[in-house]
Engineer: 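Below is a structure I'd like to ask you about.
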Amino acid sequence: CDTKTIRRDIKHLQEEGIVIPTRGQQKDIGPGVTHRELVIRHWVEGKEEVEVASATKHSMGAVESYLQKFKVAVYLRVGKSFTDHEIAVVAGISQRGVKTFLKIYDEFKNKDMFKHRLDEILLTGDEYYKEVGEKKDSLLSNLSNPVWSRA
């Protein structure tokens with residue numbers, strides 16, 4: 001059959017809540033809803049990590065990784081006023097990923113149920129930013145070490 005038929009069928013199944021793993025979804029390319037977006041939406045809507053892993057059939061490691069990146073991206077936007085590009089560089093996330101994360105944040109930021117999640121995000125972000133800052137300070141101090149200046 002034609003690719004348009006396949007796209008239409010996949011769209012219909014997704015509207016029914018059935019996730020069809022496509023190449024674009026698996027490789028996070030193209031305009032489809034990604035696994036990370038589904039994971040984050042479940043968490044933002046109130047499910048805990050174990051429930052999210054079960055609902056999305058993902059490992060706890062994958063769920064924790066997606067949520068960590070989401071929290072850092074939101075923190076850098078809300079807590080530090082970073083641009084999309086700066087968030088991508090600092091957090092090691094693609095700019096497309098940053099846009100996905102911030103789209104979800106914008107969708108939920110004014111909802112009462114999200115306030116609890118935002119507190120958690122800001123706490124996680126403070127810890128992440130402190131850790132990154134300590135690594136940068138360590139790298140900078142190594143660069144000023146006389147051993148480096150002999151090279």
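Hydrogens, waters and symmetry mates play no part in the numbers below; they use all other heavy atoms, side chains included.
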Engineer: How close do Arg77 and Phe82 get, heavy atom to heavy atom, and via which atoms?
Structural biologist: NE-O, 2.9 Å
Engineer: Does this structure show an ion pair linking Arg96 with Glu37, if we count only N-O contacts that are shorter than 4.0 Å?
Structural biologist: no
Engineer: Go through the structure and list residues passing side chain to side chain donor-acceptor pair (under 3.5 Å) with His116, not counting sequence neighbours.
Structural biologist: none
Engineer: Taking all non-hydrogen atoms of both residues, which atom of Ile6 and which atom of Cys1 are closest, and how far apart?
Structural biologist: CG1-SG, 3.6 Å
Engineer: Assigning hydrophobic clusters by single linkage (Ile, Leu, Val, Met, Phe, Trp, Tyr; side-chain heavy-atom cutoff under 4.5 Å), is Met113 placed with Phe101?
Structural biologist: yes
Engineer: Could you tell me the separation between the CH2 atom of Trp43 and the CD1 atom of Ile104, rounded to the nearest 0.5 Å?
Structural biologist: 11.0 Å
Engineer: Here's one to test your reading of the geometry: is the NZ or CZ of Lys111 within 45 degrees of the ring axis of Phe108 and under 6.0 Å from its centre?
Structural biologist: yes
Engineer: Run the side chain to side chain contact (heavy atoms under 4.5 Å, CB included) check on Tyr105 and Thr100 step by step: do they pass?
Structural biologist: CA-CA 9 Å; Tyr105 166 72; Thr100 297; over 6 Å; no
Engineer: Which heavy atom of Arg117 sits nearest a heavy atom of Val44, and at what distance?
Structural biologist: CG-O, 4.2 Å
Engineer: Among Leu102, Val98, Val90, Ile93, which residue satisfies the side chain to side chain contact (heavy atoms under 4.5 Å, CB included) criterion with Leu76?
Structural biologist: Val90
Engineer: Determine the minimum heavy-atom distance between Arg36 and Ser94, stating which atoms define it.
Structural biologist: NH2-OG, 4.3 Å
Engineer: Locate the shortest heavy-atom distance separating Leu67 from Glu49; write the atom from each residue and the value.
Structural biologist: CD1-CG, 3.6 Å
Engineer: What pair of heavy atoms forms the shortest contact from Ile40 to Tyr66, and how long is it?
Structural biologist: CD1-O, 4.1 Å
Engineer: What I want to check is whether the side chains of Gln95 and His85 have a donor and an acceptor closer together than 3.5 Å.
Structural biologist: yes
Engineer: Listed by chain and number, what are the side chain to side chain donor-acceptor pair (under 3.5 Å) partners of Glu86, not counting sequence neighbours?
Structural biologist: Thr83
Engineer: Are side-chain heavy atoms of Leu13 and Ile10 found at a separation under 4.5 Å?
Structural biologist: no
Engineer: Which value, rounded to the nearest 0.5 Å, describes the distance between Thr56 atom OG1 and His42 atom NE2?
Structural biologist: 6.0 Å
